[in-house]
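Read the numbers this way: they start at 1 and go in the same order the structure lists the ligands and their atoms.
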Amino acid sequence: MSDMRYSELAELYRRLEKTTLKTLKTKFVADFLKKTPDELLEIVPYLILGKVFPDWDERELGVGEKLLIKAVSMATGVPEREIENSVRDTGDLGESVALALKKKKQRSFFSQPLTIKRVYDTLVKVAEAAGEGSQDRKMKYLANLFMDAEAEEGKYLARTVLGTMRTGVAEGLMRDAIAEAFRVKAELVERAYMLTSDFGYVAKVAKLEGNEGLSRVRIQVGKPIRPMLAQNAANVKEALIEMGGKAAFEIKYDGARVQVHRDGDRVVVYSRRLENVTKSIPDVVSAILESIKVEKAIVEGELVAVGEEGKPRPFQYVLRRFRRKYNIEEMVEKIPLELNLFDVLYVDGEALIDTPFAERRKKLEEIIAQSERIKLAEQLVTDNAEEAEKFYQRALELGHEGLMAKRLDSTYEPGNRGKKWLKIKPTMEDLDLVIIGAEWGEGRRAHLLGSFLVAAYDPHSGEFVPVGKVGSGFTDEDLVEFTKMLKPLITGGEGKYVEIEPKVVIQVTYQEIQKSPKYKSGFALRFPRYVALREDKSPEEADTIERIAQLYELQERFKAKR
Ligand code: ATP
């Protein structure tokens, strides 16, 4: 038997929703993976995560609430208006879909129970429908599924389609579940996932080839690798000492990190969060094709928006380019981009992540022909602190963020934030914090969320600990946008205050960090002010509570010096 009833998956979602215990959730997922037939193993992990495709897959369903309601209405005969009203009552589209399905007069004579494969194949068709009449086709494909769905199945199907499944299964849990299901080592699952970002593939290897197969997993052109990250250094000197007296210093460009995969004529560009942004930057893609001198390669760099006289513009400009779906050419003119390459991970059949950084850099220089749009990150290899300090000052004067210091002998560690890369930036930098609560405004702004409780991440407990309330720095449009974005994430609250699921990261500036008993973190920001939305960061990538403590120390030391 190579297929499985979709109702079994719905039952898994239901059980996952019922418990908050991680061990239990892991067990449920592991048990499910164990009974998943090989043919489905590449898609089931994503469905369990509430997705159809990995984030880096270009395909999107492109279905909003309205279209979904239309499909359900068509399948059940319940008028759209009635479903919309019901959503207002239940506050949950999934619930309302289930209610509509229960109302359905009768099952058609030809009704076929849903299977996982059928659901998946149909959703692929939904994603791939493009061009004239595609909205209508998407709707009909979906209606077809809802026609044969039981109430419970419909509920989760709706959540999958809209990307609102909240069963508390995240990447870490999936990793542990794969390890548990196939009795393989969690570290090896993690490693394979960091190298390929593909749970479907990793689950299959784990099942069919065990630990040995997992340890044989290599990076592949076309599958994004988790980016290696950096820790902070207080200054250039400290960085030099940490690196053993000599290091490669590079300008830390303030843009968006990208990973470029080239395979012949095909170029795919992934963002830092491994989203496929290729289509939004055709100018960069063609420049890359001209600059990379080999057929197959994976390189990394920082994509920067350039303004007048070649000066860097804030990174938000690059994100505006990424977001643009239509009239892309217009944006190409408005916001020219420059790619500063700083690493190479693969060249013509050879993975380079275990090659020392100094050699990787040499290889990068060999395979790249620099051009107006494609450059190599400016680098200074030195053991001289003064020289490095001069380089740092020059970087700041040119409007860059600071410097990166890299160990010359370091291998590339996917997904790791270690000490082999250090970043050096002026202190009192802005913080990236997660919104975990908000308050409704007053009077004219009563329908808008106004003040936001923001939190730092605590990697030890996995919790988000509040450090302040941000109410200023927002334009009216910002507030409208934030209200729209956060409303579906409201999980509870009292009076004017609402609790918000930690999903959205914002950059916050402030005057000072204070010690304060007001929050559990022990710190509070003085005069926090909103700067920008950090769509490029996941909540776990927000600044940590340790970073805040560190900044507090630096601030106090600085005060003492004055
Ligand atoms: P920040 O908010 O300070 O950018 P981050 O959490 O986004 O930090 P870090 O690991 O702290 O990322 O810093 C490394 C980031 O700096 C890289 O992800 C990349 O986007 C950027 N960067 C700019 N120039 C370079 C460079 N020459 N080498 C490596 N990374 C660089």
Close aromatic pair by centroid cut-off 6.0 Å: [X] and [Y]:
X	Y	value
Phe452	Phe474	yes
Phe527	Tyr510	no
Tyr317	Phe322	no

For Asp55, give me all partners under side chain to side chain donor-acceptor pair (under 3.5 Å), at least two apart in sequence or on another chain.
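Per chain and number, Asp55 pairs via side chain to side chain donor-acceptor pair (under 3.5 Å) with Lys51.
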Partners passing side chain to side chain donor-acceptor pair (under 3.5 Å) against Arg266 (at least two apart in sequence or in another chain):
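By the side chain to side chain donor-acceptor pair (under 3.5 Å) rule, Arg266 matches no residue at all.
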Heavy-atom contact check, 4.0 Å cutoff: does Gln379 meet ligand 1?
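For ligand 1, residue contact (heavy atoms, under 4.0 Å) with Gln379 is absent.
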With a 4.0 Å cut-off on heavy atoms, does Gln231 reach ligand 1?
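Under 4.0 Å: no for Gln231.
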Which atoms of ligand 1 are found less than 4.0 Å from any heavy atom of [X]?
X	result
Lys425	1 (P), 3 (O)
Ala230	10 (O), 11 (O)
Arg417	6 (O), 9 (P), 10 (O), 11 (O)
Lys537	2 (O), 5 (P), 6 (O), 7 (O)
Glu401	3 (O)

Would you say ligand 1 has an N or O under 3.5 Å from any N or O of [X]?
X	result
Met404	no
Glu302	yes
Leu229	no

Determine, for Glu541 against Arg272, whether the closest basic-nitrogen to carboxylate-oxygen distance falls under 4.0 angstrom.
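Salt bridge between Glu541 and Arg272, a charged N being under 4.0 Å from a carboxylate O: yes.
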Under a 3.5 Å cutoff, is there a donor and acceptor pairing between the side chains of Tyr201 and Gln220?
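Yes, Gln220 and Tyr201 have a side-chain donor paired with an acceptor closer than 3.5 Å.
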Quick one: look up the protein heavy atom nearest [atom] and list residue, atom name and how far away it is.
atom	value
atom 9 (P) of ligand 1	Lys423 NZ, 3.5 Å
atom 26 (C) of ligand 1	Phe342 CD2, 3.4 Å
atom 24 (N) of ligand 1	Tyr253 N, 3.0 Å
atom 18 (O) of ligand 1	Arg257 NH1, 2.8 Å

Side chain or backbone of Ile251 under 4.0 Å from ligand 1, or both, or neither, by non-hydrogen atoms?
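Under 4.0 Å from ligand 1, Ile251 contributes backbone atoms alone.
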Location of contacts on Lys252 toward ligand 1, heavy atoms closer than 4.0 Å:
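Within the 4.0 Å criterion, Lys252 contacts ligand 1 through backbone and side-chain atoms alike.
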Determine, for Phe315 and Arg534, whether the Lys NZ or Arg CZ falls below 6.0 Å from the six-membered ring centre while staying within 45 degrees of the axis.
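Yes, cation above the ring, under 6.0 Å and within 45°.
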Angle class for the Tyr46/Phe199 ring planes (parallel below 30°, perpendicular above 60°, tilted otherwise)?
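Geometry flag for Phe199 against Tyr46: tilted rings.
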Counting heavy atoms only, which of Arg272, Lys406, Glu541, Arg534 comes nearest to atom 29 (C) of ligand 1?
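Among Arg272, Lys406, Glu541, Arg534, the closest heavy atom to atom 29 (C) of ligand 1 comes from Lys406.
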Can you tell me if Ser280 uses its side chain to pair, donor with acceptor, with the backbone of Arg323 under 3.5 Å?
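No; judged by distance alone, with no hydrogens or angles, the pair does not exist.
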Donor-acceptor pair, side chain of Lys293 and main chain of Glu366, under 3.5 angstrom
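Between the backbone of Glu366 and the side chain of Lys293 there is a qualifying donor-acceptor contact (under 3.5 Å).
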